[in-house]
Protein chains: 2
Amino acid sequence: MADSLNPEQMHTYFALIEAVSLLQYAVSQQLQAEGGLSYVQFEILATLATAEGRALTMTDLADGVVYSRSGLTHQAGLLERDGLITRRASPDDQRATVVDITAAGRERVAAVLPGHIAVVRELLFEPLSERDVRTLGTLMTRARDHMRSRPPRSAAPRRSRRAG
Amino acid sequence: MADSLNPEQMHTYFALIEAVSLLQYAVSQQLQAEGGLSYVQFEILATLATAEGRALTMTDLADGVVYSRSGLTHQAGLLERDGLITRRASPDDQRATVVDITAAGRERVAAVLPGHIAVVRELLFEPLSERDVRTLGTLMTRARDHMRSRPPRSAAPRRSRRAG
DNA sequence: TATTGTTATACTCTATAACTATA
DNA sequence: TATAGTTATAGAGTATAACAATA
């Protein structure tokens, strides 16, 4: 009970990982084909497009989207190069960089969103009833909140003492 | 109804993607720290360790694990270099390569599995009841089978006609 | 002294295309 | 002619560490 997963858990774990991997792969293909965007880039643009009102900094974006600041800087550089976002110093805190989505950025999101949604609907939602969707949402929200609430500890060093 | 997801679907989609991303990230960290393995490498080893009996070829592995043959060749090269697998010509079909896991490969799997399981249990299963796990397994199995059953079409070309 | 963000750099993963060999 | 697998190569993503600027 302490050291293994029961068969039900194994089965659930593998199905979950496999299904989401397939979904992510299909979605990535669609975003690349129809908008030249990686999934992370799409997430950044979609976050900005949705955050209407609030001014988001690089740190805000990194928290929700990606796992290192330098990785986000790199992606933001690509998006800025393509004219999809702009960056400017924050008026409140001179250290911070506020990221804005441009009109072209919004157009790009609008261009890929229907296809994106189509893929998700066809692959994920087609075999699920309304009730299933609600149930799945409840369970995954609970799981996500649980994961977000814990300091990323179990994932951390154990063999190498250095990484800390 | 045709062109968008309802709020329940959006909510479910985002929670699912986010939860699984967090889980995958944590699991990858653990596998790397405790066994020097990427997730794909772990999947390959675990598949071989589980397939006891059946002789798996590169194509068998590629189908279940990864999305291009050359990618698998690369990963198999790394695993072979580290003495975790061996490759040999198939007796049945001289074109095929049979992949075997070595004793060291099994030991490596055994070394990382407890930590892997601990991460999954702590992050994913802790907030779920037995009934929840069963439900989630049912839904994700249905989704996965649905995705596996369709030719990867919706994900495919639409802009460029070439890729076919 | 801590935080925000960038830069330089290096590494890993993945895919495409060309190729060999077997069927 | 089609399939199994490898090789060469190139591109994208991500992370670490060092750094500059601001709080």
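Note that this is a predicted model, so its numbers are computed, not measured. So you know, we letter chains A, B, ... as the sequences are listed, proteins then strands, and number each from 1.
In this structure, CD of B/Glu80 is placed 12 Å from C1' of D/dT6, rounded to the nearest angstrom. Straight-line distance from the OH atom of B/Tyr25 to the C1' atom of C/dC13: 16 Å, rounded to whole Å. Protein atom CZ of A/Arg69 is 17 Å distant from nucleotide atom P of C/dA8, rounded to whole Å. Atom P of nucleotide C/dG5 and atom CG of A/Leu56 are separated by 11 Å, given to the nearest angstrom. As a whole-Å value, the separation of A/Leu72 CG from C/dT4 P is 13 Å.
Residue pairs satisfying the salt bridge (Lys or Arg N to Asp or Glu O under 4.0 Å) criterion with at least one member in residues 109-119 of chain B, sequence neighbours excluded, are absent.
Taking A/Tyr39 as the reference, nothing meets the ring pair (Phe, Tyr, Trp, His ring centres under 6.0 Å) condition, with sequence neighbours excluded. A/Glu107 pairs by the salt bridge (Lys or Arg N to Asp or Glu O under 4.0 Å) definition with nothing, not counting sequence neighbours. Annotation: salt bridge (Lys or Arg N to Asp or Glu O under 4.0 Å) contacts of B/Glu130 (sequence neighbours excluded): none. A/Asp145 is linked by a salt bridge (Lys or Arg N to Asp or Glu O under 4.0 Å) to nothing, counting only residues two or more places apart in sequence or in another chain. Considering only residues two or more places apart in sequence or on other chains, B/Asp60 meets the side-chain contact (heavy atoms from CB on, under 4.5 Å) condition with B/Leu56, B/Thr57.
If you check every strand for non-hydrogen atoms under 4.0 Å, B/Thr73 touches a base.
Taking the side chain of B/Arg95 as heavy atoms from C-beta on, and the options C/dG5, C/dA15, C/dT22, the nearest nucleotide is C/dT22.
The six-membered or imidazole ring of B/Tyr13 lies near that of A/His116, with a centre-to-centre distance under 6.0 Å.
Of the residues in residues 83-94 of chain B, those with a non-hydrogen atom less than 4.0 angstrom from any atom of DNA chain C are B/Asp93, B/Gln94.
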Atom pairs, protein N/O to nucleotides 8-13 of chain D N/O, distance under 3.5 Å:
residue, atom, partner, partner atom, Å
D/dG13, OP1, A/Ser38, OG, 3.2

Pairs under 3.5 angstrom only: tabulate donor-acceptor contacts from the side chains of residues 84-91 of chain B to other protein residues two or more places apart or in another chain.
residue, atom, partner, partner atom, Å
B/Arg87, NE, B/Glu80, OE1, 3.2
B/Arg87, NH2, B/Glu80, OE1, 2.8
B/Arg88, NE, B/Asp100, OD2, 2.7
B/Arg88, NH2, B/Asp100, OD2, 3.3
B/Ser90, OG, B/Asp92, N, 3.1
B/Ser90, OG, B/Asp93, N, 3.3

